[in-house]
Asks: 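Below is a structure I'd like to ask you about.
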Protein chains: 2
Amino acid sequence: SILRTMAAVWSMGPGTLKVPLSLFAKNRRRLAEKLQNGQVVVLQGGEDISHYDTDIHYVFRQEAYFTWVCGVREPGCYFALDVSTGKSHLFVPRLPEEYEVWMGKLLTCHDFKNIYAVDEVHYVDQLRDVLKSLNPETLLTLSGPNTDSGLIAKEAVFEGIDEFKVDNEILFPIIAELRVIKTPEELEVMRYVCKVSSDAHKQVMLYAKPGLMEYQCESVFLDHCYRVGGCRHVSYTCICGSGDNGATLHYGHAAAPNSKRIEDGDMCLFDMGGNYAGYAADITCSFPANGKFTDEQKLIYEAVLAARDAVIREAKPGVMWDEMHLTANRAMLEHLKQGGLLEGEVEDMIKAGVHGTLQPHGLGHLLGLDVHDVGGYLPACPPRPAGPLARLRTARRLQPGMVLTIEPGCYFIPRLLNAAQNHPEQSKFFNWVKMSKYRKFGGVRIEDDVVITERGVENLTFVPRTVQEIEKHMAKGANFK
Amino acid sequence: SILRTMAAVWSMGPGTLKVPLSLFAKNRRRLAEKLQNGQVVVLQGGEDISHYDTDIHYVFRQEAYFTWVCGVREPGCYFALDVSTGKSHLFVPRLPEEYEVWMGKLLTCHDFKNIYAVDEVHYVDQLRDVLKSLNPETLLTLSGPNTDSGLIAKEAVFEGIDEFKVDNEILFPIIAELRVIKTPEELEVMRYVCKVSSDAHKQVMLYAKPGLMEYQCESVFLDHCYRVGGCRHVSYTCICGSGDNGATLHYGHAAAPNSKRIEDGDMCLFDMGGNYAGYAADITCSFPANGKFTDEQKLIYEAVLAARDAVIREAKPGVMWDEMHLTANRAMLEHLKQGGLLEGEVEDMIKAGVHGTLQPHGLGHLLGLDVHDVGGYLPACPPRPAGPLARLRTARRLQPGMVLTIEPGCYFIPRLLNAAQNHPEQSKFFNWVKMSKYRKFGGVRIEDDVVITERGVENLTFVPRTVQEIEKHMAKGANFK
Ligand SMILES: [Mn+2]
Ligand SMILES: [Mn+2]
């Protein structure tokens, strides 16, 4: 059994990462250690979602907690972990023979056992009986809030669950906390997906030039992630803002679908990340569409880079994330002040809220199986701050094994700038003559994915970051051919 | 107002089709003509779908009936058509000012009126009051079965609907029937999306070679459709089967995700279609991975091509689609008999069900805003056939303006071949010695998208189809470089 567990791997073929299924077995062991004999964890996986009333489905994506315990990539499954024995039970749909004609080879329970390296595999219609046979004191189901969306985790339901004693409160904070700290095996996957996504960003920077449409760059990114890296999914809708679209923080959705022509003189702000074996990358590159920074662009870019550098320098175990947010803000404001765009004392700017005008979002977030990963505000953690830091997706103390994004930004958002200009406490810090040059600038964001190590951070992101590096890389690209 | 309607267009930029919003106004006029004064049509558009409990959404796709009446591409909307006046009312979500920071410029109702060329735009929270002011005798909502999925169309619901007299039976058969017959304006869009998808298939054929993974070809298709053709979506999950995967009719889903290595000697069966402005293409190309047909491959391919050619030759207004299915079957069986794979009389083979063993699916289906488009089995149409033709998605008489796929295929599906071999009535028609060479062959499908014209068909598909054309095209590709 151990040998089989060690041997089972999943990959997308030559050149892509081989993910050992033992990664998920280790997650289960970590979970069982936190629970009590007599408890049986029951999770329900995702279902196919159709396009409205048609027979066409979205390409299936597995639910993240379900992936975490077993790595199963197919819809319609359940999973049980018996804490007393440590045994894992996968339940798969019983498919009609006709399935084979339309959907592919009918796998046996034995096949699934080998593919996913679990202890036992049964059909979903056996779930109640198998659970009965385990004679559990309590079934643990998952229920708790996602603090980014406000939605509640998908709790397992099945015919006959009312015949068991069910607790839906114990599991959530334990499993969410375990997801926060990545194992070495999980970090290998995250290194891979961040490298693939970094390379895809580099391809986009070679391809980009004025005259293209934003979505054409999105397509190059998607193609590199999938064709070269084996990532069928990206972790979120690509944000490909050029020019003033860079100031729309979640640009790219259906009402703003990356459909502007990229113009000479535009900054590009491209926030895109692949997904491999369920694990997410989340990387932002900002660069001039024509491959050469103007002085105005350089000032903003290097202010944001100073913020990123300050956090990379200071982040380490024990440090509070909300402090890191302010560290980034201070570095950026200081740089903008040196550049003459802001005036006065940085600490006074922060008291007046200037940092929230220029960067309305938090410094970054936990990253893992979800791009905005769970565990930001668990009951045992510091609560969401009030005021300008309320947008932070976590305010936790850093620990080794956490993976986070570091993504300071500087944006020229007309609505917020107008408010600042009309707000006497804030207005005085801006040099509005110089600011007038930036009204259509959009924004700059620099987003790295990092692991907190014993001594500091390991950066998983490998893209050109300094002005010089970006210009040198882009000199090999479409603008100069 | 007419001038504005004429002027409003939607496109994805240079090189992509400009779709006039008058296309949808014409659909509305066609609908109003079939209804009565005093009736007001109310449709509800689609909503964003999140990835489980997270704050990440699938890229939004609009519901097809909603697209048909107004072309609106954003989530959370309603639409009303007042038959008495012919006036169109779009209802959009009232978004908070903060939206602008995260999601982009807040559009006014006036903006939406210009973008979608509708008569009036209101907020969704005004729906009840605006409908009251129209003083309708009856609200018509949409409810009826999708005969491919068995699911029911999304019926509009809103606060206060119980204050109206609502009929949910009148609308469905009328609007579904109107969707079956495409207008010249709709045909322009379908010509475009089929041309883009044809070109993408040709790119894939140049790229494909033994040693690649199937999904790498999928990625090339997706990239061409999006980057060159402006198609952000495909119409269904790409089916990229090589070798024996070609015999899995709906290959490509999460449990069979285009993840096999393409081997020398494999046939590739790639069924993929883009989507532009909501309209679908659905094209299948089958070709040898190494660019040269073997004699065995040529026999099967040309049998399927004979079936396709027979249908292209004979399809025209007045012809029954189930007859076309049998026409295709006969041509294929005859060709296989000439090649020595089958023996006996073709009509006897059909009586015995040999055609259903080699091609378990129907000849094709209506195509439009859904890839398996609506209207296949409306109450006024011939019912679903019994027996081996039960898989047909329609059995209608052909009419000018219908768009259909013609997609005969020949598959070597182990489960079905074993059954045929054990079935004395079928077994005698097969030359099992020759058949033994085909056990791992997979399959061939040739799928064209055509419009029924007054005199026959207009083929919207432009890909190499004969053995010679395919080999000549592929000689420019990766196998020979
Ligand atoms: Mn991020
Ligand atoms: Mn089809």
Side-chain angles (χ1 to χ4, degrees), chain A residues 12-14 46 49-61 63-64 73-75 97 100-105 146 148-149 151-154 213 215-216 218-220 222-223 226-227 230 232 235-237 245 248-251 253-257 259 261 360 370-372 413 415-416, chain B residues 12-14 46 49-61 63-64 73-75 97 100-105 146 148-149 151-154 213 215-216 218-220 222-223 226-227 230 232 235-237 245 248-251 253-257 259 261 360 370-372 413 415-416:
Chain A
M12 286 294 273
I49 302 171
S50 66
H51 294 172
Y52 303 97
D53 60 338
T54 76
D55 61 348
I56 304 298
H57 296 111
Y58 288 86
V59 179
F60 178 71
R61 306 178 71 117
E63 196 275 332
R73 299 175 295 276
E74 283 144 281
E97 289 197 350
E100 203 155 85
V101 175
W102 303 91
M103 305 300 271
K105 197 170 170 312
N146 181 303
D148 293 303
S149 67
L151 301 174
I152 302 296
K154 178 187 172 80
M213 302 293 285
Y215 68 80
Q216 296 182 298
E218 177 184 1
S219 188
V220 167
L222 297 171
D223 177 55
Y226 196 14
R227 191 169 48 79
R232 193 174 204 183
S235 299
Y236 51 97
T237 304
N245 290 330
T248 298
L249 302 181
H250 292 168
Y251 187 69
H253 59 97
S259 59
R261 187 176 183 274
D370 288 318
V371 57
H372 301 145
I413 302 170
R415 180 176 295 271
L416 299 186
Chain B
M12 286 293 273
I49 302 171
S50 67
H51 294 172
Y52 303 98
D53 60 337
T54 76
D55 61 347
I56 305 297
H57 295 112
Y58 287 86
V59 179
F60 179 70
R61 306 177 71 116
E63 197 275 332
R73 299 175 296 276
E74 283 144 279
E97 289 197 350
E100 202 155 85
V101 175
W102 303 90
M103 304 302 270
K105 197 172 170 314
N146 181 303
D148 294 304
S149 68
L151 302 174
I152 302 295
K154 180 188 172 81
M213 302 293 283
Y215 68 79
Q216 296 182 298
E218 178 184 359
S219 188
V220 167
L222 297 172
D223 177 53
Y226 195 14
R227 191 169 47 79
R232 192 174 205 184
S235 298
Y236 51 98
T237 304
N245 290 331
T248 298
L249 302 180
H250 292 167
Y251 188 69
H253 58 98
S259 58
R261 187 178 184 273
D370 288 319
V371 56
H372 301 146
I413 302 170
R415 180 174 295 272
L416 299 185

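Here is how names work: the chains are called A, B, and so on, in the same order as the sequence lines, proteins then strands, and each is numbered from 1. For the numbers below, each heavy atom of this structure counts, side chains included, while hydrogens, waters and symmetry mates do not.
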Asks: What option among A/Pro360, A/Pro14, A/Ala64, A/Ser259 has the most heavy-atom pairs under 4.5 Å with chain B?
Replies: A/Pro360
Asks: Any non-hydrogen side-chain atom of A/Val101 less than 4.5 Å from a side-chain atom of B/Leu249?
Replies: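 With C-beta onward as the side chain, the pair touches.
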Asks: Checking heavy atoms, do the side chain of A/Met213, its backbone, both or neither come under 4.5 Å from chain B?
Replies: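 Contact with chain B: side chain only.
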Asks: For B/Glu100 and B/Lys105, run side chain to side chain contact (heavy atoms under 4.5 Å, CB included): C-alpha distance rounded to whole Å, both residues' side-chain angles, the deciding distance at 0.1 Å, then the answer.
Replies: CA-CA 5 Å; B/Glu100 202 155 85; B/Lys105 197 172 170 314; 4.3 Å; yes
Asks: Where on A/Tyr215 is there a heavy atom nearer than 4.5 Å to chain B: the side chain, the backbone, both, or neither?
Replies: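 Answer is both: backbone and side chain atoms of A/Tyr215 are under 4.5 Å from chain B.
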Asks: So which of B/Val59, B/Thr54, B/Ile413 has the largest heavy-atom pair count under 4.5 angstrom toward chain A?
Replies: B/Thr54
Asks: Heavy-atom distance under 4.5 Å to chain B: side chain of A/His51, backbone, both or neither?
Replies: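 The side chain, not the backbone.
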Asks: Look at A/Ala256, A/Ala153, A/Ser235 and state which one has the largest set of heavy-atom pairs under 4.5 Å with chain B.
Replies: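 Winner by heavy-atom pair count: A/Ala153.
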Asks: Pick from A/Arg261, A/Glu218, A/Arg73: which one has the most heavy-atom pairs with chain B under 4.5 Å?
Replies: A/Glu218
Asks: Should the ring pair B/His250 and A/Trp102 be called parallel, tilted or perpendicular, given that the plane angle runs from 0 to 90° and is split at 30 and 60?
Replies: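 Taking A/Trp102 first and then B/His250, their aromatic rings sit tilted (interplane angle of 30° to 60°).
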Asks: Under a 4.5 Å heavy-atom cut-off, does chain B meet the side chain of A/Pro75, its backbone, both or neither?
Replies: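 It is the side chain, since no backbone atom gets that close.
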Asks: Let me know if A/Asp223 has heavy atoms under 4.5 Å from chain B in its side chain, its backbone, both or neither.
Replies: both
Asks: Short question: side chain of A/Ser149, backbone of B/Asp53 - any donor-acceptor pair under 3.5 Å?
Replies: yes
Asks: Tell me which of these, A/Arg415, A/Glu74, A/Gln216, has more heavy-atom pairs under 4.5 Å with chain B than the rest.
Replies: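 Of the candidates given, the most pairs with chain B belong to A/Arg415.
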Asks: At a heavy-atom separation under 4.5 Å, does A/Ile152 approach chain B through its side chain, its backbone, both, or neither?
Replies: backbone
Asks: Please confirm whether the backbone N or O of B/Leu222 pairs with a side-chain atom of A/Tyr226, one donor and one acceptor, at under 3.5 Å?
Replies: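 Side chain of A/Tyr226 to backbone of B/Leu222, a donor-acceptor pair under 3.5 Å: no, none is there.
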Asks: Could you look at B/Leu416 and say if it's the side chain, the backbone, both or neither that has a heavy atom under 4.5 Å from chain A?
Replies: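 The side chain, not the backbone.
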Asks: How close do A/Glu63 and A/Gly46 get, counting heavy atoms only, and between which atoms?
Replies: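 Nearest heavy atoms, A/Glu63 then A/Gly46: CB-N, 4.4 Å.
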Asks: Can you tell which of B/Ile49, B/Asp55, B/Leu151 has the highest number of heavy-atom pairs within less than 4.5 Å of chain A?
Replies: B/Asp55
Asks: Please name the pair of heavy atoms, one in A/Met103 and one in B/Thr248, separated by the smallest distance, quoted to 0.1 Å.
Replies: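 It is C-CG2, 3.1 Å.
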Asks: Keeping A/His253 on the side-chain end and A/Thr237 on the backbone end, is there a donor-acceptor pair under 3.5 Å?
Replies: no
Asks: Answer with side chain, backbone, both or neither: which region of A/Ala255 has an atom nearer than 4.5 Å to a non-hydrogen atom of chain B?
Replies: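 The answer is both parts of A/Ala255.
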Asks: Check each atom of B/Tyr251 against the heavy atoms of chain A and say whether the ones under 4.5 Å are side chain, backbone, both or neither.
Replies: backbone
Asks: What part of B/Val371 is in contact with chain A, defined as an atom under 4.5 angstrom from a non-hydrogen atom: side chain, backbone, both or neither?
Replies: side chain
Asks: Please classify the contact between A/Ser50 and chain B as side chain, backbone, both or neither, with a heavy-atom cut-off of under 4.5 Å.
Replies: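 Side chain of A/Ser50 only, per the 4.5 Å heavy-atom cut-off to chain B.
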Asks: If you count heavy-atom pairs under 4.5 Å with chain A, which of B/Lys154, B/His57, B/Met12 comes out on top?
Replies: B/Met12
Asks: What part of B/His372 is in contact with chain A, defined as an atom under 4.5 angstrom from a non-hydrogen atom: side chain, backbone, both or neither?
Replies: side chain
Asks: Does some side-chain heavy atom of A/Asp370 sit less than 4.5 Å from a side-chain heavy atom of B/Tyr52?
Replies: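 Result no, sub-4.5 Å side-chain heavy-atom pair not found.
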Asks: Answer with side chain, backbone, both or neither: which region of A/Arg61 has an atom nearer than 4.5 Å to a non-hydrogen atom of chain B?
Replies: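 Its backbone and side chain both get close to chain B.
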